[in-house]
Structure formats: structure tokens, C-alpha cells
Amino acid sequence: GVVTVYDLSFLRLPDRFPAAQRLYLSTITRLSCRRARRVIAISEATRRDVAELLGVPSTRIDLAYPGVDARFRPLPAEAVAAFRARHGLPERFILYLGTLEPRKNLPALVRAFAQLRRDEPDLHLVLAGGRGWWYHSLLRMIDDFQLSAVVHLPGFVPAEDLPLWYNAATAFAYPSNFEGFGLPVAEALARGRPTVTGDSSSLPEAGGAVAARVPVEDVDALTAAL
């Protein structure tokens, strides 16, 4: 058969996953790749990881980048304004889209946003996505920084609404520590949104020469890029 590997974050960053989840993913992925006739990786970075971490010969690994749907394009201003009003969104906000979980490096984004608001007091931050695991410290940080009124947590975003979220945002931030590809980066860029992302794993591939890339643990660099 053929197996597609989206990322090996549970092997690269094992401390960011609950033990049971890490064990399950590691076992199933190793077994599937061992039995597969061909393995598809969704980025060059993931292809290297599959070879290095799973011992799959490079001759059995094929690269296939994810595609960006044609829906991710500039939308009419009236539709975007109506969407903002419907969700009570501010005129200017930085958007993050993805699961709220440790690998996404969201505490660094909140710290950068807190610094940025000193010069941009009307700017808000939207952390859109379902709550994954170990996110409670992130919520406490938002409270401790007294940002609850300007950091919005709308929860899971339906796929059909994604283009509107990108269109409504002023900029997009995706400071993840590790990604198999980083499709939200490519989607935001397809809309033409200024995008800041990390300089590791596959994110340089997703952002190409267009996204601003920073060492994501460097909060000052992240602030400056935003």
C-alpha cells in the first residue's frame, strides 16, 4: 500500500505530547511505513524526517506538497465587513489558526503581542482553533498579562469559514515550533495576508520567499516581524 506521513512532530518534540498519544502515533506510524510500498511526505523536511527517524530508504519516499483551494482568495469588502460584525471582531487584529496545543508556541505569540500593543493599542489578537491539550497555562498567561479583553478565543473554525477569517485579519501569525508543512501559512499567503512564521522544520517551504520568518523562541524578533 501507500502511506502519507503528514509530520513526525511526536518524534521530534516528544515532550509536547501526552505519553499515550505519543506512543500510539509512534507505533502506528512506524508499523504503517514499514509495511508500505511507497511513503508520501508532504514536505522536503518531512521526507528527511521519515528517512532519518523511521529508517525508510529515500528511494521509497515521494514528495507531494498539499494544495491550496481556490477559495482562499480576496473576498468582497462587504462580505468581510459583515463577517466581522457577525463575530464581533475588531477592525485590526492578528490571526492565528490552529489547535491550541504546546507545539504551536502560542505563549511566545502572546508575549510578542503584549509588547506590540505598546505601540499599537488598537490591535487585537485572535487565537482561533479547537482546544487541544495543555493549553491552560496559555489561558492563565492571557489573564496575567491583562489581555483578556483583546485576545479572542473563538474556538473551532468550520472549514467553510476559513477564507473569511483570513480576509478579515490584518496579518497572520503562525509561530509553530514544528510543522509537517504548515498549510495555514500557504492559505494566508494565497489571500495576500502579511504572514509571520517560524524558520524551522517545513515552515520555510510553506512560506517561501514571501512570509517573514523568525526564530520563534525569540520574542523580540517575533514582535519586530509582526
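All heavy atoms count here, side chains included; hydrogens, waters and symmetry mates do not.
- Note: E205 CD to T46 OG1 = 7.5 Å, rounded to the nearest 0.5 Å.
- Two residues are said to be in side-chain contact when any heavy atoms from C-beta on lie closer than 4.5 Å; P90 and H152 meet this criterion.
- Connection of L31 to V50 is not established within any shared hydrophobic cluster, with ILVMFWY side chains joined at heavy-atom distances below 4.5 Å, either directly or through further cluster members.
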Item to complete: With side chain to side chain contact (heavy atoms under 4.5 Å, CB included) as the test, would you mind laying out the steps for L100 and L106 before giving the verdict?
Response: CA-CA 8 Å; L100 306 188; L106 296 178; 3.5 Å; yes
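- The 12-atom threshold is not exceeded at CD of Q146, counting heavy atoms of other residues, nucleotides or ligands nearer than 6.0 Å.
- L13 and F10 fall into different hydrophobic clusters, where Ile, Leu, Val, Met, Phe, Trp and Tyr are joined by side-chain heavy atoms under 4.5 Å apart, directly or via other members.
- Under the 4.0 Å criterion applied to side-chain N and carboxylate O atoms, E101 and R131 are not assigned as salt-bridge partners.
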Worksheet item: Could you go step by step and tell me if R12 and E52 meet the salt bridge (charged side-chain N to carboxylate O under 4.0 Å, His left out) rule?
Response: CA-CA 11 Å; R12 281 294 186 201; E52 178 184 340; 3.0 Å; yes
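- Taking 4.5 Å as the limit, some side-chain heavy atom of F145 sits within range of a side-chain heavy atom of R111.
- Side-chain contact between L109 and L226 is present, with heavy atoms from C-beta onward closer than 4.5 Å.
- To the nearest 0.5 Å, atom CG of residue N167 and atom CZ of residue R73 are 9.0 Å apart.
- The line from OG1 of T170 to CG of L123 is 6.5 Å long, rounded to the nearest 0.5 Å.
- Judged purely by distance below 3.5 Å, without hydrogens or angles, the side chains of D143 and S148 pair a donor atom with an acceptor atom.
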Worksheet item: When you look at L139 and L153, which way does the side chain to side chain contact (heavy atoms under 4.5 Å, CB included) test go after all the steps?
Response: CA-CA 10 Å; L139 304 183; L153 300 161; 3.6 Å; yes
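- In this structure, CD1 on I142 lies 10.0 Å from OG on S137, to the nearest 0.5 angstrom.
- F181 has its ring centre less than 6.0 Å from the ring centre of Y65.
- No side-chain heavy atom of S202 sits less than 4.5 Å from a side-chain heavy atom of E44.
- Note: L25 CG to L11 CG = 8.5 Å, rounded to the nearest 0.5 Å.
- Residues L203 and G198 come closest through the heavy atom pair CB-O, 3.5 Å.
- Side chains of F93 and V150 form no contact here, defined as non-hydrogen atoms less than 4.5 Å apart.
- Panel note: side chain T223, backbone Q115; no donor-acceptor pair is recorded below 3.5 Å.
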Fill in: side chain to side chain contact (heavy atoms under 4.5 Å, CB included) between Y166 and L97, worked out
CA-CA 9 Å; Y166 289 120; L97 260 171; 3.6 Å; yes
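- Distance check: R47 CZ to I61 CD1 gives 7.5 Å after rounding to the nearest 0.5 Å.
- The closest side-chain donor-acceptor pair between T29 and S32, if any, does not fall under 3.5 angstrom.
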Worksheet entry | Audit row: S176, R103, side chain to side chain contact (heavy atoms under 4.5 Å, CB included) steps and yes/no | CA-CA 6 Å; S176 179; R103 173 169 56 102; 4.2 Å; yes
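- Under a 3.5 Å cut-off, the side chain of S43 and the backbone N or O of G180 do form a donor-acceptor pair.
- When all heavy atoms are compared, the tightest approach of F83 to L89 is CE2-CD1, 3.9 Å.
- The side-chain heavy atoms of R84 and E91, taken from C-beta on, include a pair separated by under 4.5 Å.
- Across all non-hydrogen atoms, the minimal contact from P107 to L138 is N-CD1, 4.0 Å.
- For the ring pair (Phe, Tyr, Trp, His ring centres under 6.0 Å) criterion with F17, the lone passing option out of Y24, W133, F178 is W133.
- Of all non-hydrogen atoms in V5 and C33, the two that sit nearest each other are CG2-SG, 3.6 Å.
- Looking only at side-chain heavy atoms (C-beta outward), E217 and N105 come within less than 4.5 Å of each other.
- Transitive grouping of hydrophobic side chains (ILVMFWY, heavy atoms separated by less than 4.5 Å) keeps I40 and L54 in distinct clusters.
- Side chain of D161 to main chain of V157: no donor-acceptor pair is present (N/O by atom type, distance under 3.5 Å, no hydrogens or angles).
- Nearest heavy-atom pair across T99 and K104 is O-CG, 3.3 Å.
- Nearest heavy-atom pair, R22 versus P14, reported as atom, atom and distance to 0.1 Å: NH1-O, 3.1 Å.
- In this pair, Y96 and Y174 present their aromatic rings parallel. The plane angle is below 30°, not in the 30 to 60° band.
- Under the 4.5 Å side-chain criterion, counting only non-hydrogen atoms from C-beta, R213 is in contact with P204.
- Here the side chain of D49 pairs no donor or acceptor atom with the backbone of L8 at under 3.5 angstrom.
- Linking ILVMFWY side-chain heavy atoms closer than 4.5 Å, directly or via other members, places I28 and L53 in a single hydrophobic cluster.
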Worksheet item: Does the salt bridge (charged side-chain N to carboxylate O under 4.0 Å, His left out) test come out yes or no for R193 and E187, once each step is laid out?
Response: CA-CA 9 Å; R193 278 293 166 254; E187 290 173 344; over 6 Å; no
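- By the rule that hydrophobic residues join a cluster once side-chain heavy atoms approach within less than 4.5 Å of another member, F172 and V80 end up as members of one cluster.
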